[in-house]
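For reference, positions follow the sequence shown, starting with 1.
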Amino acid sequence: MNAARFIAPRLEWTFRPCVPKGGGATRVIAMSDQMISRFRDNFRLAIISLLGLTTASALLGFLVWRLMRGEWREAGFDALVVLGIVAIVRLAWREGRIELAGRMMVVFNTAACIGASLLLGAAADGWVYVALMTNFYIAGTRLAAVCGLLLVAVATMALLTRTGGGAHLATPVTWGLVYAFSYAFSRRVRAHSDSLELRANQDPLTGMSNRGVLEARLRKIVAGRERGRTGLVILDIDRFKAVNDTFGHAAGDAVLVTLAEVLREALREGDAVYRFGGEEFVLVLPIGSEEALAAAAERLRTVVFERVRGPAGPVTVSIGGAMHSGEGDWQDWFARADAALYLAKRAGRDRIHIAEALLD
């Protein structure tokens, strides 16, 4: 096989600014790109990070103020809360720990607010509102609801004990209202968010995950957050435009739906398939070598030829593939597979071409 080292003309590229070739600057840019990518891909991580760091920054201001006033006990409490928040945010950035970090943040927020109510008195009442409003967005509804009820109950008892009566009942009443509204609103938002996420991540015709989900997966692989070797396969229907032009778009859609069903059934455990756009599908396969990737691609080509039929007869596909060879950007990896697909098309269609591994 010839190495596919050029970029096919039809590949779409995202603008990337030119940066100095210095190792330090390159690493900083790469780290920034990865952070932005993770923020974009995970809303909960963004909430935990932004809420945690802004809260810690605000508490640092109070910490300095208390130290200047000689309020050592209160300053020590602020310092413990800041350290706890920073530790949880750091945990959230470890792969696979976002859910755990969210639960820990809710429990920690609740405990810190209870402690502040008992230690600081009325000065901590405002933080109760913050915890009640934010807990529902960083962990599951059930945990946030239980912690919220506990916080309202303990803070109310502390306030009544401190004031000696019901003169300040307006404060716990507003806590209860904020809690109830936050609970109802978060349930509504979560249901709406789940619906939007499904629509945003799913191709409406085939029901497959779409290009956005694929790009997130490839960024994750390139960043080294998935273990093992991985192959990328791009599958393109041969002469699909002729089907649409001759038999209509309804016939073309029927071919796409049938092909999607066949590809799903052909997947092995760990494989994933995405509709990239038009008549192109992309598969991400955990696989050990170019030879194994070629065998998998040939199996897919054969299955499609045997099982997918259009108005004019059997449907054929051309397939290009490439193993991940340490590329620092998913687009470089995709370009190699795309170029291999171009070679398969140029060689006569209904065939496969796998790019050779990059030399170290």
Of I237, I319, V317, which meets side-chain contact (heavy atoms from CB on, under 4.5 Å) against V304?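 Only one option passes, and that is V317.
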
Identify the residue among N135, T134, T55, V89 that makes a side-chain contact (heavy atoms from CB on, under 4.5 Å) with M105. V89

Mind jotting down which residue pairs meet the side-chain hydrogen bond (donor to acceptor under 3.5 Å, both in side chains) criterion with at least one end in residues 311-321? Sequence neighbours excluded, please. D238-T316, D238-S318

Ignoring hydrogens and geometry, is there a side-chain-to-backbone donor-acceptor pair from W65 to L63 under 3.5 Å? no

Donor-acceptor pair, R229 side chain versus G288 backbone, under 3.5 Å?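 Yes; at least one donor-acceptor contact below 3.5 Å.
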
Within this structure, what is the [atom1]-[atom2] distance for the pair [X] and [Y], rounded to the nearest 0.5 Å?
{"X": "R142", "Y": "Y183", "atom1": "CZ", "atom2": "OH", "answer": "9.5 Å"}
{"X": "M104", "Y": "I48", "atom1": "CE", "atom2": "CD1", "answer": "10.5 Å"}
{"X": "R275", "Y": "E280", "atom1": "CZ", "atom2": "CD", "answer": "10.5 Å"}

Any donor-acceptor pair under 3.5 Å linking the side-chain atoms of [Y] with those of [X]?
{"X": "N210", "Y": "N201", "value": "no"}
{"X": "W127", "Y": "S117", "value": "no"}
{"X": "Y129", "Y": "T174", "value": "yes"}

Determine, stepwise, if the pair E298 / R301 fulfils salt bridge (Lys or Arg N to Asp or Glu O under 4.0 Å). CA-CA 5 Å; E298 178 60 29; R301 187 198 65 79; 2.6 Å; yes

Of all heavy-atom pairs between [X] and [Y], which one has the smallest distance, and what is that distance?
{"X": "L285", "Y": "A296", "result": "CD1-CB, 4.0 Å"}
{"X": "L118", "Y": "A158", "result": "CD2-CB, 3.9 Å"}
{"X": "R217", "Y": "Y274", "result": "NH1-OH, 3.2 Å"}
{"X": "L283", "Y": "L267", "result": "CD2-CD2, 3.7 Å"}

Pair K241 + E279: basic N to acidic O under 4.0 Å: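 Salt bridge flag = no for E279 with K241.
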
So that I can tick it off, tell me whether R336 and E327 are bridged by a salt bridge, with the cut-off set at under 4.0 angstrom between side-chain N and carboxylate O. yes

R90 CZ: over 12 foreign heavy atoms closer than 6.0 Å: no

For atom CZ of R349, decide whether the heavy atoms of other residues, nucleotides or ligands shown that lie under 6.0 angstrom number more than 12.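 Counting other residues, nucleotides and ligands, CZ of R349 exceeds 12 neighbours.
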
Is the distance from the ring center of F181 to that of F136 below 6.0 Å?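 No: the rings miss the under 6.0 Å criterion.
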
